[in-house]
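Please read all numbers here as calculations on a predicted model, not as lab measurements. Count residues from 1 along the sequence.
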Amino acid sequence: MTSSRRRSGFVLVTSVAATVAASTIISLLSATTDPGGSSAAAGEPAASASAEGAGWPGHGSRPVTVSTDPQQLSVVGLPCFPGNLALTMTNTGKEPRYADLTLDPSGPLTLSRELFSSYLPALDPDQPVTAPVEVRVPRDSKPGSYKIDLEVDKTKLTVPVQVNPLPPKGPGSNVALGEQAAASSTHGNFALCGAVDGDKDSEHWDTLTGWNDGTRAIFPDTYDVALAAPTTIDRVELYTLDSVKYPAATNGMRDWDVQVRSGSGAWQTVAQVRANVAGHVTSTFSPTQADAIRILALAGNGNTYSRIVELEAYGS
């Protein structure tokens, strides 16, 4: 099965505060100054100014609009729960140009990119150019309000970012949720964290969730999740691909071992699954202390790929 496009964002589970969904276009017609040389107020929403296109002589005014989706973010300090921000620049002028949009995060925020540089064509209708940005914070980050300052052509825009407390993981909680994943390989259309993002709906496969290995018809494959701390677990639940279009009997995982590791020790097999044709499989075993969980994928139905929609682990 060949997937077309990779998802634009990860689905946040209920425990994480939802981001504002609406995209608000903020017109940045950059770098206007008054006769005294003072700049237009940077904090005003939908502020506009006229850009003279510094660094691009001979082309005159360079009106660019920039939109962020969402307008503000909420993030939490779990390694596989980044906040996702889409940046869009549109050239509304008559001449094509290049533009550099810089991003400056505050406090503990780290970004997957701090520069969005792109050629912007001059077309009618206007042609937007979009780039994704992942926003992360360390696990021990102090909850509070932070920001990302954006600047293009000397005009600034601020995206507020709220860092929320870590979701509780007590008895009965899925201890794999949002934790750091690792894999033997990952298909280019998928994200490594797609199997621990809290979305187990196979209908969202590839566009919103899931992990797929990157070596067609070559087994074994591995998918690991490092737990936040040593934890006693006795149940692992695996959701493999099982949608109306792609049923598990022809596209899901068939054979795998459930393994755990404690400290620097070797991986220990605690459960085995063979000849599976179901989309959801629960493996139970004697309570075992682990700091990491591994799915050792041995075969897939159709003998193509290892596909995990969601991996969950629970303790007694």
- Does the Q162 side chain pair with the main chain of P143, one donor and one acceptor, at a distance under 3.5 Å? no

- Which atom names give the shortest non-hydrogen contact between G214 and S185, and what distance separates them? N-OG, 2.9 Å

- Quick one: salt bridge (charged side-chain N to carboxylate O under 4.0 Å, His left out) partners of D149, sequence neighbours excluded? K147

- Carefully, step by step, assess I148 and L109 under the rule side chain to side chain contact (heavy atoms under 4.5 Å, CB included). CA-CA 8 Å; I148 304 171; L109 305 181; 4.0 Å; yes

- Other than L296, what residues sit in its cluster of Ile, Leu, Val, Met, Phe, Trp and Tyr side chains whose heavy atoms are under 4.5 Å apart, directly or through others? L298

- Do you reckon L111 sits in the same ILVMFWY cluster as V152, going by side-chain contacts under 4.5 Å, direct or chained? yes

- Task: Would you please test E203 and K245 for salt bridge (Lys or Arg N to Asp or Glu O under 4.0 Å) and show each step?
- Result: CA-CA 9 Å; E203 299 299 334; K245 186 176 181 180; over 6 Å; no

- List the steps, then state whether ring-ring contact (aromatic ring centres under 6.0 Å, His included) holds for F219 with W256. CA-CA 10 Å; F219 295 90; W256 68 89; over 10 Å; no

- Task: Group every Ile, Leu, Val, Met, Phe, Trp and Tyr by side-chain heavy-atom contacts under 4.5 Å, then state whether M253 and V281 land in the same group.
- Result: yes

- How long is the gap from CG on L166 to OG on S141, to the nearest 0.5 Å? 8.5 Å

- Can you measure from CZ (R139) to CD (E179) and round to the nearest 0.5 angstrom? 4.0 Å

- Query: To the nearest 0.5 Å, what is the distance between CG (D201) and CG (L208)?
  - Reply: 9.0 Å

- Short side-chain to backbone donor-acceptor contact, T240 and G252, under 3.5 Å: no

- Message: Can a donor-acceptor pair be found, under 3.5 Å and without considering hydrogens, that links the side chain of T102 to the backbone of L115?
- Response: no

- Item | D206 CG to H187 NE2 distance, which is reported to the nearest 0.5 Å | 8.5 Å

- Query: Between the main-chain N or O of A271 and the side-chain N or O of S283, is there a donor-acceptor pair closer than 3.5 Å?
  - Reply: no

- Message: Quick check: do E134 and N84 have side-chain heavy atoms less than 4.5 Å from each other?
- Response: yes

- Message: Apply side chain to side chain contact (heavy atoms under 4.5 Å, CB included) to residues T88 and V129 and explain how you reach the verdict.
- Response: CA-CA 5 Å; T88 300; V129 179; over 6 Å; no

- Query: Rounded to the nearest 0.5 Å, how far apart are CG of L238 and CD1 of I293?
  - Reply: 11.0 Å

- Query: Side-chain donor-acceptor pair under 3.5 Å between R254 and N301, yes or no?
  - Reply: no

- Item | Pair listing, ring-ring contact (aromatic ring centres under 6.0 Å, His included) test, anchored in residues 117-174, at least two apart | Y98-Y119

- Query: Are Y246 and V277 joined in one hydrophobic group, where the rule is that I, L, V, M, F, W and Y side chains link up if heavy atoms are under 4.5 Å apart?
  - Reply: no

- Query: Has the side chain of T92 got a donor or acceptor atom that lies under 3.5 Å from a matching backbone atom of P63?
  - Reply: yes

- Note on the structure: Output for pair (S67 OG, M89 CE), nearest 0.5 Å, gives 10.5 Å

- Query: Is D255 reaching over with its side chain to a backbone N or O of A275, donor-acceptor style, under 3.5 angstrom?
  - Reply: yes

- Polar side chain donor-acceptor pair, D197 to T209, under 3.5 angstrom: yes

- Task: Kindly give the heavy-atom pair with the smallest separation between P168 and S173, and that separation in Å.
- Result: O-OG, 3.9 Å

- Message: A131: which residues meet the side chain to side chain contact (heavy atoms under 4.5 Å, CB included) condition with it, sequence neighbours left out?
- Response: R113, F116

- Message: For E310, give me all partners under salt bridge (charged side-chain N to carboxylate O under 4.0 Å, His left out), at least two apart in sequence or on another chain.
- Response: none

- What pairs of residues pass the ring-ring contact (aromatic ring centres under 6.0 Å, His included) test when at least one of them lies in residues 153-174, not counting sequence neighbours? none

- Item | Residues forming a side chain to side chain donor-acceptor pair (under 3.5 Å) with E151, sequence neighbours excluded | none

- With sequence neighbours excluded, give me every salt bridge (charged side-chain N to carboxylate O under 4.0 Å, His left out) pair touching residues 279-288. none

- Task: Using the side chain to side chain contact (heavy atoms under 4.5 Å, CB included) rule, take D153 and R97 through it: C-alpha gap first, then chi angles, then the decisive distance, then the call.
- Result: CA-CA 12 Å; D153 292 340; R97 63 161 294 181; 2.8 Å; yes

Pairs of donor and acceptor atoms involving the side chains of residues 257-267, under 3.5 Å and at least two apart or interchain, shall be tabulated with distances.
unit_1, atom_1, unit_2, atom_2, d
D257, OD1, R274, NH1, 3.1
D257, OD1, R274, NH2, 3.0
Q259, NE2, T269, OG1, 3.1

- side chain to side chain contact (heavy atoms under 4.5 Å, CB included) partners of P160, counting only residues at least two apart: Q72

- Message: Is it true that T186 and W211 share a donor-acceptor pair across their side chains at a distance under 3.5 Å?
- Response: yes

- Item | Listed partners of D242 passing side chain to side chain contact (heavy atoms under 4.5 Å, CB included), at least two apart | S202, P247, A248

Could you list the donor-acceptor pairs under 3.5 angstrom formed between side-chain atoms of residues 220-236 and any protein atom two or more places apart in sequence or on another chain?
unit_1, atom_1, unit_2, atom_2, d
D221, OD1, T215, OG1, 3.3
D221, OD2, S306, OG, 2.7
Y223, OH, L192, O, 2.7
D224, OD1, R294, NE, 2.8
D224, OD2, R294, NE, 3.4
D224, OD2, R294, NH2, 2.9
T231, OG1, A229, O, 2.8
R235, NE, E237, OE2, 2.9
R235, NH2, E237, OE2, 3.3

- For T90 and V64, run side chain to side chain contact (heavy atoms under 4.5 Å, CB included): C-alpha distance rounded to whole Å, both residues' side-chain angles, the deciding distance at 0.1 Å, then the answer. CA-CA 6 Å; T90 306; V64 174; 6.0 Å; no

